[in-house]
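A short write-up of the structure that comes next.
For the numbers below, each heavy atom of this structure counts, side chains included, while hydrogens, waters and symmetry mates do not. All of these numbers come straight from a predicted model, not from anything done at the bench. Letters go in sequence order (proteins before strands), and every chain restarts at 1.
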Amino acid sequence: MTAAEQSTTPPAVTNLRPRRVELGLVVMVSMVVVFAYGLASLGRNAELPADIRPFLVGTLGLFFFIHFAVRRLAFAADPVLVPTALLLNGIGYVMIARLGSDVDGGGDLAGLQSLWTGVGVMAFVITLVIVPKARALAGYRYLLGLAGIVLLALPLVPGIGVDIRGARIWVSIGPVNFQPGEFAKIALAIFFAGYLVESRDLIRNRIELRDLAPIGIAWVASVGIMVFERDLGSSLLFFALFVVLMWVATERSSFLALGLFLFGGGAIVAWRLFDHVQARIDGWLDPFADFSGDGYQIAQASFSLAEGGLTGTGLGRGDPDRVPIAESDFIFAAIGEEMGLAGSTAILMAFLLIVGSGLRIAIRATRPFEKLLTVGLTTLIGLQAFIIIGGVIRLVPLTGITLPFVSYGGSALVTNYIVLALLIRLSHEQRAAEPEVVQ
Amino acid sequence: MNRRIRQLGIGMLVLYVLLFGQLNRVQFVKAQELREDPLNVRPLLREFGRARGQILSADGVLLAHSVATTPDSDIDFVRQYPTAERFAHIVGFQSFNQGAFGLERSFNDELAGERFEQQFQSPADLFRDRDSTGTLVLTLRDDVQQAAAAALGTRRGSVVALKPSTGEIVAMWTYPSFDPNQLSGLNGTLVNDAYEALRNDPDEPLLAKSFREVFFPGSTFKLVTAAAGVQSGLVSPSTPVFTESEEYHPLPSGTPIKNFADSTCGGDLREVLRVSCNTAFAEMGAEWIGPEIMVTTAENFGFNDELPFDVPGAVPSRFPTDYGEFLADVQYYRVTAPARARGSTNDTSESDGGVAANLPTLPNGATPIHESSAILAQTAIGQNDVAATPLQMAMIAAAIDNEGVLMAPHVVAEIRAADGTAYSTVQPDVWRLATSPGVAEILREAMVNVATSGTARNMAVPGLVVGGKTGTAQLGTDPPNSHAWIVGFAGLPNNPPELAIAVIVEAQPGADEQTGGRVAAPIAKAVIEAAFRVESETQLE
């Protein structure tokens, strides 16, 4: 209790500086989001949305609630993470509400998304409450690993698994539909971190055949997701997550090389064997060749982005619902169309901010489990955003996956808020442990 | 581990820089290309999201307008064409599935109100939402167009009528035509099927043959040869008098040129034009005028050049320009127009371009002729590789009727703003000088003679001064068939020129010189009567 002994400046006061920064950012973000919401409606039908006041109150309420929850539960945490995530979520909501207004009965999408945002924020707070020490999670690594595998395999169970748009990643139990794979991400990130901390010294010192088993299992699991659930994005994401963590944990670049080699081999075999993989590659190479078929969505996304140009058509003034599933996987195209290169670049910067903050927390963390877990969670968000944005703008083949915090979808949003809560918890622990850095 | 984490950070940064680079490519570098991609319907949706201006005929008939669709439709407005096929080749159509053609394409910006001067007529326009669309008023008259369509009936062919003094097109009709309403509808499948059917129709109903297809002009081209002769000074109404003959034997050799039905003809310019004498015009072109003056005159009338026309797609008419080298043999020397020009100025220097400097000029001024003189004999009577659009042939008559001045043809008279005021009026524009006024007067008088007592008698309208020239361009002999032509003009006595006209009826049975006069002249007459009916009524008021 050194802080109590240096009683001239109470540590609580000093340590609240990041929260004051965060409060300022949260206020700015809420203004941006409310203005964007009003503009989108003005752009469409030249009048302010009827619910602009409830929206203002709801946004401010939610934003301040999450801010004060952090102030109470993790006061020393990084001040940039929460506002950035709120900005992404807010812009995403504005676009979903704006897109929904063009689709028959689509007004529900915005309503549901606001509900999911509320649930996500609650999940954020609950996570902060029930995980007072990140270290404790390491104890549940095998349980969580098992849970992750079960969650991943759940859509394959006959009766509850559902095929949607060719991918079998949904589970439907009674009235509740969700994507268990989203929650599996967190469970597996914790499991990977815990497992690698335990075994990295073994693997680091001498490589035997059995040391390669884990990476082999991860690869098989990824291929399994790709083949049986036809979910290329998640398959790629899980495998990349594991390889990155293995590489960081063991500091052996040979694992990175091996990972790339296995990925390349798997990709080539998949391209040869599976029509749906081949269609994605063809759509990436030349979406205009099969314009009315496999290339349609990508081509429309390119047209949408081009329409936006540098400054965009203006919120509500574009035609982004030309792109199928614009509210989910392709929401980035809608943002690019209506807010232009300026807006789409801002989204890139927001994700870079999250990645940068996350990796900074990882570097400053003192214990390996926290380090690895932070790296894992940060990589999840950063890579997932890269995979889907790259797919939409035709940098890489399209693998359907949501844009974190932005896309429509309850499971994804709740998962992302839990990841955010864990990052906040990790950041708080690291900063609280080094008060001089905070000052 | 920190080293690896930093490397991971760099790796992530690289990935995001790649994203940023690709974003710049899509949204900036290649954005224009993507926006203009034919598969991209966004520009179209924008276009079809609002009504555009109307298109009206000169006599106020609605030719094209935007009609609101049902609310649940993907597009808000479609174009409709009340006159159906009558103006399809000029007005064109605006189709969601097949793009835009005709005036709907070339005047897209004006109709949509996208030109700067439409949008900002005063600084106040910055602060209000004003209908900026433009209404096109055409020079074509629906009554004359109807007369042309009725007179031609279901024979393949074209009618072009224009005002010689301004170049305003009064009527421009080609049969077969098409119904543009079939192509501007909402049902994409029906539109595409209709378009395919039209495209595969062997009669090419989509093609405006009046200005987008060339035909052998046959004897109507003799007007150009006559103009070349008179302009050169070697041919006058009285001299030379061409020998009565049945055949013309080209120099130095070649297929003899015969008159129609192996008849015998000859005489002065008026006479050979009146009876359309092949032998006389072949000789005139090959031995009196020579290629230089023939080519220059044809080009002064508009051949071998892009036509300045406000409906897109006009094709140039052709007159061959290559007649080979000079022949050294003195027996083929002739006093052609350029030779006489050189002789009169006593200028034998080599500065005179193409003339063979190493070949001598005879004391009487005669110079060598070209080796392909036989081809010139054919092109002088509109055969061989001469090919002209009906519009071009109407313009020849127009230039002769307008003191040799060829006006740029156009179909748009003015563009009106939404409040009915004209914001842009098309001014008559001289395209080129075809002949001198004196030459034009000689030809004009000769053409009146043809319509009074020659092959174009069927064109004459009582009370009007009418001049004409028939043509029968033979296509084949088994069975004999040919294009029936007539070109001419009509006007009130002692009044400025009113109307020039060209009519072609394609591939008619028969091959005698009477075909043009028999088949095409009555059509021209009907159109002239229609054009002057209203004009005389307005004069009575």
Looking at Ala100(B), is its backbone amide N or carbonyl O close enough to the side chain of Gln94(B) to form a donor-acceptor pair, meaning the two atoms are under 3.5 Å apart?
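No, Gln94(B) side chain to Ala100(B) backbone: no donor-acceptor pair under 3.5 Å.
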Measuring heavy-atom distances to chain B, does [X] have an atom under 4.5 Å in its side chain, in its backbone, in both, or in neither?
| X | value |
| --- | --- |
| Val248(A) | both |
| Phe386(A) | both |
| Arg394(A) | both |
| Leu372(A) | side chain |
| Phe332(A) | side chain |
| Ala299(A) | neither |
| Thr379(A) | both |

Heavy-atom pairs under 4.5 Å with chain B, option from [options] with the top count:
| options | result |
| --- | --- |
| Val244(A), Val375(A), Ile363(A), Leu359(A) | Ile363(A) |
| Ser304(A), Gly358(A), Pro368(A) | Ser304(A) |
| Thr345(A), Thr374(A), Thr378(A), Val392(A) | Thr345(A) |
| Gly308(A), Gly356(A), Gly336(A) | Gly336(A) |

Taking the six-membered ring for Trp, are Phe242(A) and Phe255(A) closer than 6.0 Å centroid to centroid?
no
Do Phe351(A) and Tyr16(B) have ring centroids that are under 6.0 Å from one another?
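No, the ring centres sit 6.0 Å or more apart.
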Check the pair Phe405(A) / Leu87(A) against side chain to side chain contact (heavy atoms under 4.5 Å, CB included), numbers first and verdict last.
CA-CA 9 Å; Phe405(A) 292 110; Leu87(A) 178 70; over 6 Å; no
Under 4.5 Å, counting heavy-atom pairs only, tell me which of Arg3(B), Arg6(B), Glu33(B) racks up the most with chain A.
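With the most close heavy-atom pairs to chain A, the winner is Arg6(B).
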Per-residue tally against chain A (heavy atom, under 4.5 Å) across Leu13(B), Leu23(B), Asp37(B), Leu18(B) peaks at Leu23(B)
Polar contact flag, side-chain donor to acceptor under 3.5 angstrom, Gln98(B)-Asn192(B):
yes
Distance-only donor-acceptor check, side chains Thr402(A) and Gln384(A), under 3.5 Å
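There is such a pair between these side chains.
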Does Arg42(B) pair with Glu337(A) as a salt bridge, N-O distance under 4.0 Å?
yes
What's the separation between atom CG in Asp201(B) and atom CG in Leu207(B), rounded to the nearest 0.5 Å?
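One gets 11.5 Å once the value is rounded to the nearest 0.5 Å.
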Applying side chain to side chain contact (heavy atoms under 4.5 Å, CB included), run through Phe107(B) and Val411(B) and close with a yes or a no.
CA-CA 12 Å; Phe107(B) 283 84; Val411(B) 299; 5.9 Å; no
